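Not measured: the values here are computed from a predicted model.
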Amino acid sequence: MASKKLILKSSDGDEFEIEESIAVQSGTIKNMIEDDYTLIPLPNVNTQKLILIIEYMNKHAEKTDSNEEEIKEFDKEFLKDKNYQNMFELVVAANYLHISDLINLLCQTIADRIKNKSVKAVREVFGVINDYTPEEEERVREEHKWAHEGEEIDESLD
């Protein structure tokens, strides 16, 4: 029996054919299939992000106990060259599509990358404006010395 095909339509109007058995990794798409959609409009996901998400879903559809390491390696490679902005946009798209494994992977990758970054670098990564005066910031640093000890603080934004 041939598997059912769906068409995913990005916010840019591009259409991608995908097997239903792969697409159901997305809770959003799964719900639309249950409502008999075969053309799935995805107004919150642009073409660039949809291509990446389809690549992710295709690989994860192959997941078995015996290829777990291969999937972990794919995940690492999948996000290796993505900058923070790309990952934030993918989080938004994965959240809209309700793909919890991808959300978890993205959030863990972001967390791993900001680990041991300076407060200044983390603010820049997330676009947080510092509203402390230098005096207030120094007082907070003094009160929470433990948070600024130990690991070498990394000022880089990559």
Side-chain angles (χ1 to χ4, degrees), residues 1-131 147 151-158:
M1 182 177 126
S3 70
K4 187 175 173 188
K5 300 279 188 181
L6 303 171
I7 305 291
L8 305 183
K9 188 172 184 175
S10 75
S11 62
D12 304 316
D14 294 313
E15 296 183 355
F16 300 89
E17 189 175 73
I18 185 171
E19 290 182 27
E20 180 180 315
S21 61
I22 292 171
V24 295
Q25 292 175 66
S26 160
T28 302
I29 294 172
K30 188 175 182 179
N31 289 339
M32 293 180 90
I33 294 167
E34 289 169 3
D35 290 338
D36 288 330
Y37 280 79
T38 53
L39 172 63
I40 314 275
L42 301 172
N44 295 352
V45 184
N46 69 26
T47 296
Q48 182 188 13
K49 299 298 173 262
L50 187 53
I51 288 168
L52 291 170
I53 288 169
I54 290 171
E55 178 186 354
Y56 175 87
M57 288 193 303
N58 279 328
K59 188 63 179 180
H60 278 255
E62 304 168 4
K63 192 175 187 176
T64 64
D65 289 341
S66 62
N67 73 351
E68 217 170 293
E69 286 305 312
E70 181 186 326
I71 297 291
K72 281 182 185 174
E73 192 55 39
F74 167 83
D75 287 350
K76 203 181 333 176
E77 285 297 311
F78 181 70
L79 295 177
K80 188 174 77 173
D81 61 345
K82 306 291 181 285
N83 64 27
Y84 288 110
Q85 190 58 43
N86 287 144
M87 287 192 292
F88 294 153
E89 290 169 6
L90 272 171
V91 168
V92 171
N95 185 51
Y96 169 72
L97 291 170
H98 297 275
I99 306 172
S100 56
D101 286 351
L102 180 54
I103 295 168
N104 293 341
L105 171 65
L106 286 159
C107 291
Q108 186 61 59
T109 302
I110 292 166
D112 290 345
R113 286 195 192 171
I114 64 169
K115 187 178 180 183
N116 301 324
K117 296 279 188 201
S118 69
V119 171
K120 182 181 174 204
V122 172
R123 277 190 191 124
E124 239 174 276
V125 166
F126 289 103
V128 175
I129 296 166
N130 181 6
D131 56 357
E151 295 290 324
E152 186 64 32
I153 302 294
D154 180 359
E155 288 286 336
S156 69
L157 295 176
D158 56 5

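Between the side chains of Q108 and N104, no donor-acceptor pair is found at a separation under 3.5 Å.
The closest donor-acceptor contact from the side chain of N67 to the backbone of T64 lies under 3.5 Å. Side chain of S26 to main chain of L97: a donor-acceptor pair is present (N/O by atom type, distance under 3.5 Å, no hydrogens or angles). For N95 (side chain) and V91 (main-chain N/O), no donor-acceptor pair under 3.5 Å exists by modelled atom type. No donor-acceptor pair closer than 3.5 Å links the side chain of N130 to the backbone N or O of K120. Looking only at distances, no side-chain donor or acceptor of D35 sits under 3.5 Å from a matching main-chain atom of Y37.
Residue L79 comes nearest to R113 through the heavy atom pair O-NH2, 2.7 Å, listed as atom of the first residue, atom of the second, then distance. Across all their heavy atoms, E20 and L6 have their closest contact at CA-CD1, 3.8 Å. Across every non-hydrogen atom of Y96 and P43, the tightest pair is OH-CD, 3.4 Å.
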Apply side-chain contact (heavy atoms from CB on, under 4.5 Å) to residues I114 and Y84 and explain how you reach the verdict. CA-CA 10 Å; I114 64 169; Y84 288 110; 3.7 Å; yes
Please lay out, stage by stage, how I40 and I7 fare under the test side-chain contact (heavy atoms from CB on, under 4.5 Å). CA-CA 6 Å; I40 314 275; I7 305 291; over 6 Å; no
How far apart are the C-alpha atoms of F88 and F126, what are their side-chain angles, what is the distance that settles it, and do they pass the ring-ring contact (aromatic ring centres under 6.0 Å, His included) test? CA-CA 9 Å; F88 294 153; F126 289 103; 5.3 Å; yes
When you look at S10 and V45, which way does the side-chain contact (heavy atoms from CB on, under 4.5 Å) test go after all the steps? CA-CA 6 Å; S10 75; V45 184; 5.8 Å; no
Stepwise, does the side-chain contact (heavy atoms from CB on, under 4.5 Å) test hold for F16 with I51? CA-CA 8 Å; F16 300 89; I51 288 168; 3.7 Å; yes
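For the pair M32/I29, no side-chain contact is recorded, criterion being any heavy-atom separation below 4.5 Å from C-beta on. For the pair V122/V119, no side-chain contact is recorded, criterion being any heavy-atom separation below 4.5 Å from C-beta on. Contact of the V92 side chain with the N44 side chain is not registered, since no non-hydrogen atoms from C-beta on lie closer than 4.5 Å. Two residues are said to be in side-chain contact when any heavy atoms from C-beta on lie closer than 4.5 Å; Q48 and D12 fail this criterion.
In this structure, E70 pairs ionically with K59, as a charged nitrogen and a carboxylate oxygen lie closer than 4.0 Å.
A distance of 9.0 Å separates CG of L90 from CE of M87, quoted to the nearest 0.5 Å. Rounding to the nearest 0.5 angstrom, the gap separating the CG atom in D112 from the NZ atom in K76 is 11.0 Å. Taking CD1 of I53 as the reference point, atom CG of N58 lies at 12.0 Å (rounded to 0.5 Å). Note that CD of Q25 and NZ of K63 are 9.5 Å apart. Values are rounded to the nearest 0.5 Å. Of the inter-residue distances, the one linking L52 atom CG with K82 atom NZ reads 5.0 Å to the nearest 0.5 angstrom. How far OG of S100 is from CG of L105: 11.5 Å, rounded to the nearest 0.5 Å.
Remark: of the listed residues D14, L39, T47, L39 is the sole one forming a side-chain contact (heavy atoms from CB on, under 4.5 Å) with K9.
More than 12 non-hydrogen atoms from other residues, nucleotides or ligands lie less than 6.0 angstrom from NZ of K5.
Aromatic ring orientation, F74 versus H60: perpendicular (interplanar angle above 60°, classes split at 30° and 60°).
For K49, the side-chain hydrogen bond (donor to acceptor under 3.5 Å, both in side chains) partners at least two apart in sequence or on another chain are E89.
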